[in-house]
Amino acid sequence: HADAGLPDPLWSRGLGDVYKRQSSYIADTMNVDVSGPTAEARLMAGSVKSADAIVVIPARSVEFSGVNTLCSFTESVMSDASLHISTPLERWDMDRLGYAEGVNTAKLPRFATFVENLFMFEPQPFGMSPSESVGTDPQHRKLLQLTMECLTDVPVKSEDVCGVYIGSMNPYEYANLVSKLGLFGTYASTGNGMSFMSGKVSYIFGLVGPSICLDTACSSSLVAGHLAKSSIISGESNMSVVAGANAIVLFENTLLLHGLGALSLDGRCKTFDQEADGYGRGEGFAVMVFHGSVNELKDMDGIVVGSGVNHDGRSSGLTVPYGPAQQALIGEAVYESGLASLDYISTHGTGTSLGDPIEMSAIGQVLKKMQLDSSVVGAGAIKTLFGHTESTAGLAGLLLSSVVLSRSVNPPMKIRNINPYVADCLKDWVHGSIAMQNLPEMVRVAGSSSFGMSGLNAHLVSALHRETADG
């Protein structure tokens, strides 16, 4: 028990057995042998997953800082645009509120990424009155707008059973704001909160499948994607709306995160950089349609072939990343995909001096222990561009994977001097790369990671259409 770092009373109550089971689980998962035929050989042999064991993504809608279409998202990713701005006064006056709270604002981050026109909304198309609109969280409203865009592209048929899975970790900021402003009216209860965030989408669009809003901190939206995929594969539903929502409305939340020591002073995620000192906050919304029919597929990069979730368990700290759990998770998701390659990793990559090396080391161990046949493995992090969009971060990373799959390019990252511990971890990668370059071979399979501060991790493997359909 001393090696496990657990006090005697906890060990005696059975946590020792839990620790042993967790260690055994990690060891067993990493000993899974997926070496053997390459992805191409599996395709020729028809040994990849059948169409009823994969999920396609035929529609995606987004809104991030400076971005409100998939095209502008791709352009921002490829240009490595600067999207951070000082906190708008329409959100809060940091100096005034900081003075009222007795906080030295010189030590608080002033920069983040913000969605334009967060509070603008036209209620009539959704059958909402103006008073209901005022009482409704702008996160709910953005999700309705983006869901309408997706379901216009992929209409729900009368025979469809469509679920709703939403990741959200800040569901009550707006309720607190309108309460402070004295606007807490009739629709305050149904216009706020997690249950109504998903329930409202199901109600307005007439979706009869599971309707779940969940909070696993930073991994929320990718966990939502995993649950939606599992629901479709099991036959519980045949399609799902998958979403992440994150708005920055209250000063107090930034203050709490600063007190936790999570935030970077300059408000930016300096992923893999020697200057990494915490994460910068970002607003973002993403909605996707997951569908069980490959006939709905419109883009080559819209196939989900594997996913998984796990928890760090009894690690060194509740909010501390745990490498062995990350290894186990990625290995499990790749194994489930049925493909023996992994060409690109969209990392969690928050930009912390502790988390970045742990994650890069875990990826290197997966590649080495599972003997994957990737000729090129690239890595990137969407957070250097849009900041950490918290509950939307998982889907933002999945969107980055989509760009890489469609273009076979490793997009640029803002790195001045690479963290030497990250550089050391890259030695485990045969051809690891985090610099912008044209990848010499077509990127066929990409993994996306999202690790929650709560300890719950998610990983999703996506692939080009022809990697699965030809089999």
Side-chain angles (χ1 to χ4, degrees), residues 63-66 81-120 137-139 168-184 192 215 217-218 245-271 273-285 317-320 349-356 381-393 396 414 416-417 419 453-454:
E63 190 153 355
F64 295 92
S65 177
S82 180
L83 302 172
H84 291 71
I85 62 172
S86 182
T87 304
L89 286 177
E90 69 179 42
R91 303 303 175 90
W92 63 75
D93 183 331
M94 181 173 291
D95 291 320
R96 184 177 65 82
L97 292 177
Y99 179 80
E101 296 283 346
V103 176
N104 181 2
T105 57
K107 296 183 178 181
L108 290 176
R110 293 178 178 268
F111 285 83
T113 66
F114 294 90
V115 168
E116 297 177 18
N117 303 319
L118 175 68
F119 299 100
M120 291 187 65
D137 187 333
Q139 295 180 116
S168 173
M169 59 181 284
N170 298 308
Y172 295 108
E173 284 195 14
Y174 185 71
N176 292 333
L177 177 63
V178 295
S179 178
K180 289 182 178 181
L181 297 175
L183 300 174
F184 211 79
N192 295 273
D215 178 6
C218 323
N246 195 62
I248 303 173
V249 175
L250 282 185
F251 170 69
E252 286 82 353
N253 233 9
T254 295
L255 199 60
L256 288 172
L257 289 167
H258 170 72
L260 189 62
L263 299 183
S264 166
L265 180 59
D266 63 5
R268 290 171 169 82
C269 294
K270 297 179 282 293
T271 308
D273 200 294
Q274 192 171 3
E275 298 177 8
D277 60 347
Y279 82 77
R281 301 191 71 193
E283 287 185 333
F285 300 84
L318 175 61
T319 62
V320 178
T350 51
T352 63
S353 56
L354 177 65
D356 289 356
I382 196 68
K383 293 179 179 66
T384 62
L385 180 62
F386 294 113
H388 189 347
T389 52
E390 297 169 343
S391 44
T392 308
K414 293 180 173 69
R416 292 182 179 178
N417 298 293
N419 182 326
M453 192 182 292
S454 62

Report task. Can you measure from CE (Met94) to OG1 (Thr87) and round to the nearest 0.5 angstrom? Result -> 4.5 Å
Query raised in the report: In terms of side-chain geometry, is the basic nitrogen of Arg96 or Glu101 positioned less than 4.0 Å from the acidic oxygen of its partner?
Result: no
Requested in this report: Provide the closest heavy-atom pair for Ser264 versus Pro109 in the form atom of the first, atom of the second, distance.
Outcome: O-CB, 3.3 Å
Query raised in the report: Mind checking what makes ring pair (Phe, Tyr, Trp, His ring centres under 6.0 Å) contact with Phe386, not counting sequence neighbours?
Result: Phe64, Phe73
Query raised in the report: Counting heavy atoms not belonging to Glu252, are there more than 12 under 6.0 Å from its CD?
Result: yes
Requested in this report: Report yes if some heavy atom in the side chain of Leu250 is under 4.5 Å from a heavy atom in the side chain of Leu177; otherwise report no.
Outcome: yes
Query - From CG (Asp137) to OH (Tyr172), nearest 0.5 Å - result: 10.5 Å
Query raised in the report: To the nearest 0.5 Å, how far apart are NZ in Lys414 and OG1 in Thr384?
Result: 6.0 Å
Query - Check: Arg91 and Glu283 side chains under 4.5 Å, non-hydrogen atoms - result: yes
Query raised in the report: Less than 4.5 Å apart, any side-chain heavy atom of Met453 and any of Leu260?
Result: yes
Query - Residue of the set Glu390, His388, Lys383 for which side chain to side chain contact (heavy atoms under 4.5 Å, CB included) holds with Cys218 - result: His388
**Report entry** From Leu118 atom CG to Glu63 atom CD, the distance as rounded to the nearest 0.5 Å
**Finding:** 8.0 Å
Query - Spatial distance of atom CD (Gln139) from atom CG (Asn170) [nearest 0.5 Å] - result: 6.5 Å
Report task. Mark yes or no for whether Ser65, through its side chain, and Val115, through its backbone, hold a donor-acceptor pair below 3.5 Å. Result -> no
**Report entry** Evaluation steps, salt bridge (Lys or Arg N to Asp or Glu O under 4.0 Å), between Arg110 and Asp95
**Finding:** CA-CA 10 Å; Arg110 293 178 178 268; Asp95 291 320; 2.6 Å; yes
Requested in this report: Would you indicate whether Phe119, at its atom CZ, is surrounded by more than 12 heavy atoms from other residues, nucleotides or ligands within a distance under 6.0 Å?
Outcome: yes
Query raised in the report: Any donor and acceptor pair, going by atom type alone, linking the side chain of Thr105 with main-chain N or O of Leu108 inside 3.5 Å?
Result: no
Query - Residue pair Thr389 / Asn246, side-chain donor-acceptor N/O under 3.5 Å - result: no
Query raised in the report: Mind checking what makes side chain to side chain contact (heavy atoms under 4.5 Å, CB included) contact with Leu354, not counting sequence neighbours?
Result: Val320, Pro321, Ile358
Query raised in the report: Just by distance, with hydrogens left out, do Glu173 and Asn253 show a side-chain donor and acceptor under 3.5 Å apart?
Result: yes
Query raised in the report: What distance separates Ile248 CD1 from Thr113 OG1, expressed to the nearest 0.5 Å?
Result: 6.0 Å
